[in-house]
Amino acid sequence: MKFFIDDLPVLFPYPRIYPEQYAYMCDLKKTLDAGGHCVLEMPSGTGKTVSLLSLIVAYQQHYPEHRKLIYCSRTMSEIEKALTELKALMKYREGQLGHTEDFRALGLTSRKNLCLHPSVKREKSGTVVDARCRSLTAGFVKEKKERGEDVDLCIYHENLDLLEPHNLVPTGVFTLDGLIKYGEQHKQCPYFSARRMMPFCNVIIYSYHYLLDPKIAERVSRELSKDCIVVFDEAHNIDNVCIESLSIDITEDSLRKATRGASNLERKIEELKSSDAEKLQNEYTKLVEGLREAEQAREEDQFISNPVLPDDLLKEAVPGNIRRAEHFVSFLKRFIEYLKTRMKVTHTISETPPSFLTHLKDLTYIERKPLRFCAERLTSLVRTLELVNIEDYQPLQEVATFATLVATYDKGFCLILEPFESETATVPNPVLHFTCLDAAIAIKPVFDRFSSVIITSGTLSPLEMYPKMLGFTTVLQESYSMTLARRSFLPMIVTRGSDQAQVSSGFQIRNDPGVVRNYGNLVLEFARITPDGIVVFFPSYLYMESIISMWQGMGILDSIWNYKLILVETPDAQESSLALETYRTACCNGRGAVLFCVARGKVSEGIDFDHHYGRAVLCIGVPFQYTESRILKARLEFLRENYRIRENDFLSFDAMRHAAQCLGRVLRGKDDYGVMVLADRRFQKKRTQLPKWISQAMLESETNLSTDMAVATAKSFLRTMAQPFKAKDQEGISTWSLADLERHLAKQRQEEDRMKRETLADAQANNGFHRNGAGIADHDEFDDGIDEDLVMLDAQ
Amino acid sequence: MCESCVDRIFSSGPAPCPVAGCHKTLRKAKFRKQTFEDIGVEREVDIRRRVMQILNRREEEFATKRAYDDFLEQREMIIANLVHGTDVAKTETDLQRYAQENLSSIRANQALEAQEATTFQERQTLEQEQARLRREAARQEYENERRELLAGREDVLSRLAAGRAGDAAAIAREGQRVLLKKSSARRSEEERIRQKQAVLRGSELRKGVAAPTTAGITGAPDSGLVKGLKKIEVPVPDKPYDPFGGLVPDKRDYYTLQEHYPSTYLDPIRQDTRMLAGGYDLREYYSRTLLEAFAGLGCFLDEELSESGSLDASKPVATQGAAMAAATSGGNASKA
Ligand code: SF4
Ligand SMILES: [Zn+2]
């Protein structure tokens, strides 16, 4: 259908639109017009991606600026989904407009997913694929080949050079699969095709990391212009992504490998000195002059990338004491040895970067300045030495990155040295966590650089938390409610068991047999009444294990077994996917199944339980983070001191966003239905922190239920849901046809008119009132008065 | 070498190194714990420590950043030489010479460094203390709030228990209101704390800035080893204040004042008690007349005019007249 938002014609690839989609698009347009950032919370299963794409593509094509869209999503499957939607949209547009638009859209993912090289693509680890690919494609390898040396090149990469550089793939939308197919047919590398075509695309779809991880962003995303529209979809975890992209863990093992890397470098330098000393000398001269390799023709050649550095630093020359290659290597060795001494800790230590630096200087005379240049200097050296097996230097690079970060940021980072890997471990395995505490650091370049950044997800409540944590201001924050023709999901809070004893996963009572039994009964009852699949979420693996073994002892599992198959998520990805597979089969063939999983695990984030795959979701306990973690404590303190976010507020916000994510898993569309149960006494007070669309659907009377009441309510709900429900019933209410939309617009206009008239009438009334006091007014004079008032209104 | 071995061999004073072929004499006191796993690094750091203590120039002392970088590289070379045993003798002598020549600057920089370290240390502890206080405050605040909440609830309950049925709603409402008030009070309190903390932080910062960074180095020009140092200008000591700006008040350019000038007209005055009684001093008169006679002789209109570039027709006349007058009275004066 086609409709207008203000002056913008929008082509929407479906005959019907949801009212919230329309509202969402209007707000998006407002944001783009205003040129600012926004935070939008859109209920899950209401076609967020398609609304977003159709509005932005319409915007792009209609206005002369043709602003580019950078759409970031989290997983490969989400990227693929978005590309498919976009493809359908473009096809629809073509049909409507009667001509093909000059339009390009590509997705980008790692080499591992896109590689075509027969032997490289079989490697299992992503870093190995990257490294092997580099050794087949680097510029100097090619030079060697031209000199007649016998080196391997990747033919898929070579073929690209035969094509026009700005037209490696034809126009249109390519899904990742499509791109791979095209690459196979034309014998060209899909990864490099996508990367080199980036500047010529109207829409780019890739994962967060390409923008947020400074190590990658520098290489992949730097040519993007300022007026790009950046969208972070499924952004409820964006702060954690930001933090992770700047955090580094160093273990003894990685230090050992780094030492080996440094020795290798040393050897290579010696070799090069005897064979081709000129190269080293060239590098040296360049560094002395403070020249940057800005003119580096192909950025993709760069092996190792740098973390964020302030601009002024980038313009400075490398300090003298690490200018010479051999000095730099000895510098690195010293630094690594120092780190090794720090690993000999017996208790947990947390330290700020400045105090770390002082100690470092006392012991090894390493100063801050050269440390800051570490990563960059290493990059340059690696390039000069023309190293091929880059993967061996990975740990060394990590150390260098750490060095640069620790010397660059005084605030917002924290070093934590832990002698043991976990609480229960007895064999020391020290880890140095260099953790970023401030999510704003990683995302700041994005906000600085792009004029419109859109953060959107199904669960972003409370909305004001995100601008606070990420340090930006919005022009718009909005949370949409879900319009429903019938109540298709039933959120409830269970606070008590059938015996009226309170249930909670609170630390004091979580292992209390009574509480465990009550939880068990809750699951059992729901297993009895719910058709097909049930998903149960626990706050942590630890808790899940202990509660399951207790249920086993109580015979609860056996009873559940009578109704449903029982499957459990484990930290092992392969096992979990097998469990999931079985679960799906059981849901399809009518046996029905219960899936036990963890609120912060893979299942809670990426897997949808639509329709019969999930008719009920139970959240056992509030999914708080493990608060004894030093890292979390440091972050909480940082948030309190710098952003005035109180510890408890943050913890509760974080727990609730995960709970909401879990709940959202079962409802993936408007024709879907499901029961959502939050089973913990403490949910009652935290209800307000749920997304608007969930909390609005929750009746006051259903926020403090006991198990038996909840079961009764759910039973009757499921019975009504079982009644036939036709798409027709939704029409005009939760879905609009074009006519409905027009009616709505007309109504809106009327409403506006009415409002205007009312204010006018008010003004008149006021006027009249005053006049009455003064006696009966003359008609002409009266009219003048209104005009005056109107002018006043306008002025206001 | 393990501790007991060290004890065994060296406890009775210095002894030769137990390693075959090595003839150095070692002392027990010189043994110490190894810090680094890699013995090479350990040795390097030892050498580095010594070199760094001598070559401790600071970035501020160099004219350009480039010069400083060169210095850093040079230092690195020296250390590498010592570590790898190339050119040890020459490097050592260079180093020793430098150390002797620049003793004062080395001392000054060492002192400066020590001072910096202590201020940093102080600041660090201060910051930690403040962080602790802030943490404490936050906890306190949280607890207070909780207590208040509980107390408020109890209060309402007890009043409900005591009051009549009709009051219930009113009491409940009031309780709500009290809570609201408290929370808003808390918010303003929070605001206050925040401001206080901001002020605290500000003062910390200022303290940090105030930390001395001046490099008080006594002059040492390019000292053989180290190049590119800033030329140090010794500031000229302040002269005593001169109100006349270099003019000497009693000095005259063209004449010297005499005690006595013979004159028939003036001589009798010397004896005239009527005049002397009032304190009249002929010397005053001499001085004034001569000053008047020579006034203007120091001005050279020619120069001034050519400087300003404008011409004045009457100039030669005036100047000549003045010169003539000067010549005559000057003649008189010198004659006297
Ligand atoms: S160039 Fe492409 S096809 Fe060749 S190895 Fe690299 S990723 Fe694989
Ligand atoms: Zn021994």
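Within every chain, numbering begins at 1; the chains are lettered A, B, ... in the order of the sequence lines, protein sequences first and strands thereafter.
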Item to complete: Write out all pairs satisfying salt bridge (Lys or Arg N to Asp or Glu O under 4.0 Å) with one or both partners inside residues 335-358 of chain A, taking only residues at least two apart or from two chains.
Response: A/E337-A/K340, A/K340-B/E37, A/R342-A/E351

Practice prompt. To the nearest 0.5 Å, tell me how far B/D70 CG sits from A/R323 CZ.
Written response: 5.0 Å

Discussion item. Working to the nearest 0.5 angstrom, can you tell me the gap between A/E367 CD and B/L72 CG?
Written reply: 7.5 Å

Practice prompt. Find the distance between CD (A/E647) and CZ (B/R135) and round it off to the nearest 0.5 Å.
Written response: 9.5 Å

Worksheet item: Taking all non-hydrogen atoms of both residues, which atom of B/V45 and which atom of A/L363 are closest, and how far apart?
Response: CG1-O, 3.3 Å

Practice prompt. Measure the NE2-CD distance between B/H84 and A/E326 for me, rounded to the nearest 0.5 Å.
Written response: 9.0 Å

Discussion item. Which atoms of A/Y284 are under 4.5 Å from chain B, going by heavy atoms: the side chain, the backbone, both sets, or neither?
Written reply: side chain

Discussion item. So for A/Y338, is it side chain, backbone, both, or neither that comes closer than 4.5 Å to the heavy atoms of chain B?
Written reply: both

Discussion item. Looking only at heavy atoms and a cut-off of under 4.5 Å, which of A/N321, A/T364, A/T358 has the most pairs with chain B?
Written reply: A/N321

Discussion item. How close do B/E73 and A/H327 get, counting heavy atoms only, and between which atoms?
Written reply: O-CE1, 3.9 Å

Worksheet entry | Spacing of B/D38 atom CG and A/T341 atom OG1 [to the nearest 0.5 Å] | 12.0 Å

Discussion item. For chain A, which candidate among B/R75, B/Q121, B/E44, B/Q124 shows the most heavy-atom pairs at distances under 4.5 Å?
Written reply: B/E44

Item to complete: Just give me the residue among A/G320, A/S330, A/P354 that pairs up with chain B most often, heavy atom to heavy atom, under 4.5 Å.
Response: A/G320

Practice prompt. Provide the full list of salt bridge (Lys or Arg N to Asp or Glu O under 4.0 Å) pairs with a residue in residues 76-86 of chain B, sequence neighbours left out, each pair given once.
Written response: A/R334-B/E76, B/R48-B/E76

Worksheet entry | B/R49, CZ: over 12 other non-hydrogen atoms inside 6.0 angstrom | yes

Discussion item. Quick check for you: among B/E42, B/M77, B/Q128, which has the greatest number of heavy-atom pairs under 4.5 Å with chain A?
Written reply: B/M77

Practice prompt. Count the heavy atoms of every other residue, nucleotide or ligand shown that sit under 6.0 Å from NZ of A/K686, and state whether that count exceeds 12.
Written response: yes

Discussion item. With a 4.5 angstrom heavy-atom cut-off, is it the side chain or the backbone of B/F71 that approaches chain A, or both, or neither?
Written reply: neither

Worksheet item: Side chain, backbone, both or neither: which part of A/T259 has an atom under 4.5 Å from a heavy atom of chain B?
Response: neither

Worksheet item: What heavy-atom pair brings A/R640 and B/R134 nearest, and what distance separates the two atoms?
Response: NH1-O, 3.7 Å

